[in-house]
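Notes for the one structure printed next.
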Amino acid sequence: MGGPRDGLAAAYAHRLAVLRSGRVEADGPPEDVFTESLLTRVYDQPVEVLPHPRGGTPLVLPVRQR
C-alpha cells in the first residue's frame with residue numbers, strides 16, 4: 001500500500017504515473033490520477049481520497065474493512 005509516500009508524491013509532483021504490474025494505469029496531475037476507483041483497483045484495497053487540509057493536494061487513506 002502506498003500510504004504516506006502517495007501524499008508526498010501528490011504534494012510535490014506536478015505529474016504522476018501510477019503503475020500496476022509494471023504497466024502505466026494512469027499518468028497526469030495528482031488531482032486527476034489519484035482517484036478512489038483507480039487506486040482501489042491498483043492496490044486491491046479500498047481507499048478514500050480526500051483533499052489535504054493544508055493545500056488541498058490528494059490525501060490517500062486506506063478504508064478499514066470490518
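The structure presented is a predicted model; accordingly, all values stated were derived computationally and were not measured.
Shown here for Q45 and V63, the closest heavy-atom pair between the two residues is NE2-O, 3.0 Å.
The side chain to side chain contact (heavy atoms under 4.5 Å, CB included) check on L19 picks up V24, with sequence neighbours excluded.
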Could you pull out all donor-acceptor pairs under 3.5 Å where a side-chain atom in residues 27-42 meets a protein atom, sequence neighbours excluded?
residue : atom : partner : partner atom : Å
D27     : OD1  : R15     : NE           : 3.1
D27     : OD2  : R15     : NH2          : 3.3
T35     : OG1  : L38     : N            : 3.2
E36     : OE2  : V49     : N            : 3.0
T40     : OG1  : E36     : O            : 2.8
T40     : OG1  : V47     : N            : 3.2
R41     : NH2  : E25     : OE1          : 3.1

